[in-house]
Amino acid sequence: MSDPVVLPSADPDPRRWKALVFICLAQLMVVLDGTVVNIALPDAKADLGISTANQQWVITAYALAFGGLLLFGGRIADLWGRRRALMTGLVGFAFASALGGAAVNEGMLFGARALQGAFGALLAPAALSLLTVMFTAPQERARAFGIFGAIAGGGAAVGLLLGGLLTQFLDWRWTMYINVVFAVVALFGAIVEIKEPPRADDHTPRLDIPGVILGGAGLALVVYGFSRAAEKGWGDTGTISCLIAAVVLLAAFVFWQTRSRHPLLPLRVVADRARGGAYLSVALAVIAMFGSFLFLTLYMQVVHHYSPLSAGVAFLPMVFGMLVGSTQIAARLITRVPPRYLLVPGALLGACGMLLLSQISAESTRYWSVVFPALLLLGAGMGTVFMTSINLATYGVEPRDAGVASAMVNTSQQVGGAVGTALLNTIAVNVAAAYVTDHMASVRGPADVAALQAQAMVHGQSIGFYVAAAILAGVALEAGLLINVRRPIGAADEAEAVAAPAV
């Protein structure tokens, strides 16, 4: 990977660590929203009279807008200014959240969720790109990205806990209103503490409108196609049509980027072997992790009848593991060893956690003997992978491309989440159906039917965990082969700083 264009400043902004708090709060708000609403969905459905056929749009409306507009949002942050984009995103996200909380019918809620996704697509890349340009000294960058990586990875689990807490003790609407509180605090911090470094030049390229249309539509169809596959199946005509159209649009997008004078996604950003490997690592890791969230939530709430709050609390070991892996393992070692030396063992540690989760049982929760240690292992491994990958994916990128490079990280996460939910859920459902067919002869009464259904669900989930473990093993293999950076991140910068004459 090429050396970064922006070298550590001799006089860094003294408020950068305070700014980090508010940048991470903005990121947490976006990550939380991916799962906090899931827990509240049954209550919202009953309150607003949402049909079973339409309930998926509470999730899908957000995912489509967010996934489809991420590259556009990242480029806007580059052209318009990252601090300004962050502040605009916060205001818009807060407004959309308040609108959703006050929804009086399903159309109003769906529209608010889509608006949340649109402003989230501006907010998320702006937050990460601010981190990229504000923290350039290797040691400081490692610490800052360690905190950010823990939030990016563990925020989804925190969302399950917060969603359960708000739904159980207040009302489902507070899963939307809580974003207003977060946004107000983050906006205050952005105004007072965040100062964007000056640009190296005043050259402002034009926005690539055809690229926005082709890339946005292609990504939106990828997200929708896999989301539809989770609901309708892989053989559904609509699913197949969406995925084929997505491939065609994305191929046209790539072709156009090679011809455009001002490309939305300059191919130099993704053509770098190590950076491309980092994006792939994020996507594959999220595929496996989102499957674990889905399976464990169903396992605890459907099979063993945990309350929403109890299920959220049960995920806390993963959050703790994420903090350890991101801030204590990766952040301490990333400036000492090459990135692959963290990514490979981190992915394998996560795979061990998934293999342990495959031992769940329908008869007992096995929480302390299986789920608890597995979540610790999975969290530590994924925290190491996410922190290292996100750091590597934005390291060395030209300042003018920081926003779109950051958007690619979020795009990898979003697409990975959609693929993981659809792929692993399909595997688990098919395995469970085959299990029921094979054991139907042993059913003698209603109690046996309920027991068989629970056993079938757990068996399908166990196979899903095996597949997730294989995917994480694939992350280790991919990182070992593709990510060819031979020095620790920042080693070249430190050498240049030592060699530079004093002024």
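Ser281 and Glu478 form a side-chain donor-acceptor contact under 3.5 Å, judged by distance and modelled atom types alone.
Side chains of Met176 and Arg113 form a contact here, defined as non-hydrogen atoms less than 4.5 Å apart. Proximity of Leu90 to Met29: side-chain heavy atoms (C-beta onward) are separated by under 4.5 Å at one or more points. Side-chain contact check for Gln455 versus Glu363: some heavy-atom pair is nearer than 4.5 Å. In this structure the side chain of Met318 never reaches within 4.5 angstrom of the side chain of Met382, judged on heavy atoms. Side-chain contact between Ile213 and Phe253 is absent, with no heavy-atom pair separated by less than 4.5 Å. Ile240 is not listed as a side-chain neighbour of Asp236, based on a closest heavy-atom distance of 4.5 Å or more. Side-chain atoms of Leu343 and Val475, non-hydrogen and from C-beta on, never get closer than 4.5 Å to each other. Residues Met300 and Ser310 form no side-chain contact, since every pair of their non-hydrogen atoms from C-beta on lies 4.5 Å or further apart.
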- List the steps and the verdict of side chain to side chain contact (heavy atoms under 4.5 Å, CB included) for Leu375 and Leu296. CA-CA 10 Å; Leu375 288 178; Leu296 281 178; 3.6 Å; yes
- Task: Any chance you could lay out the side chain to side chain contact (heavy atoms under 4.5 Å, CB included) test for Leu219 and Leu71, step after step, and finish with the verdict?
- Result: CA-CA 9 Å; Leu219 288 172; Leu71 291 178; 3.9 Å; yes
- After noting the C-alpha distance and the side-chain angles of Ile147 and Cys24, does the key distance pass the side chain to side chain contact (heavy atoms under 4.5 Å, CB included) rule? CA-CA 8 Å; Ile147 297 169; Cys24 287; 3.9 Å; yes
- Query: Can Arg366 and Ile360 be said to form a side chain to side chain contact (heavy atoms under 4.5 Å, CB included), step by step?
  - Reply: CA-CA 7 Å; Arg366 293 187 180 179; Ile360 56 176; over 6 Å; no
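Formation of a donor-acceptor pair under 3.5 Å by the Asp171 side chain with backbone atoms of Trp174 is not found in this model. A side-chain donor-acceptor contact under 3.5 Å links Ser129 to the backbone of Ala126. A donor-acceptor contact shorter than 3.5 Å links the side chain of Ser462 to the backbone of Ser358. At distances below 3.5 Å, at least one donor-acceptor pair connects side-chain atoms of Gln257 with backbone N or O atoms of Leu265. Distance alone, capped at 3.5 Å, is enough to place a donor-acceptor pair between the Arg275 side chain and the Tyr395 backbone. A distance-only check finds a donor-acceptor pair linking the side chain of Arg173 to the backbone of Ala103 [under 3.5 Å]. Within the 3.5 Å criterion, the main-chain N or O of Thr411 finds no donor-acceptor partner in the side chain of Tyr279. For the pair Tyr367 (side chain) and Ala314 (backbone), a donor-acceptor distance under 3.5 Å is present.
Considering every non-hydrogen atom in both Ser369 and Pro373, the closest pair reads O-CG, 3.5 Å. In this structure, Gly225 and Thr239 approach most closely via the heavy-atom pair O-CG2, 3.6 Å. When every heavy atom of Leu357 is checked against every heavy atom of Leu378, the shortest pair comes out as CD1-CD2, 4.5 Å. Gly100 approaches Trp172 most closely through the heavy-atom pair O-CH2, 4.0 Å. Residue Ala347 comes nearest to Leu472 through the heavy atom pair CB-O, 3.4 Å, listed as atom of the first residue, atom of the second, then distance. For the residue pair Ala330 and Met387, the shortest heavy atom distance occurs at CB-SD, 3.5 Å.
Taking CZ of Phe119 as the start and CG of Leu69 as the end, the distance is 10.5 Å to the nearest 0.5 Å. Interatomic distance, Phe226 CZ to Thr426 OG1, rounded to the nearest 0.5 Å: 10.0 Å. The OG1 atom of Thr175 lies 7.0 Å from the CG atom of Leu166; values are rounded to the nearest 0.5 Å. For the atom pair Leu348 CG and Leu377 CG, the distance stands at 12.0 Å (nearest 0.5 Å). One finds the CZ atom of Arg340 at 9.5 Å from the CG atom of Leu482 (value rounded to the nearest 0.5 Å). A distance of 10.0 Å separates CZ in Phe372 from CG in Leu316, rounded to the nearest 0.5 Å.
Considering Thr384, Ile329, Leu392, Asn391 in turn, Asn391 is the only one that fulfils the side-chain contact (heavy atoms from CB on, under 4.5 Å) rule with Ile334.
Ring geometry, Phe465 versus Phe295: the interplanar angle exceeds 60°, so the pair is classed perpendicular (tilted spans 30 to 60°).
For OH of Tyr177, the number of neighbouring non-hydrogen atoms (other residues, nucleotides, ligands) closer than 6.0 Å is greater than 12. For OH of Tyr341, the number of neighbouring non-hydrogen atoms (other residues, nucleotides, ligands) closer than 6.0 Å is 12 at most.
Taking the six-membered ring for Trp, Phe66 and Tyr62 have ring centres closer than 6.0 Å.
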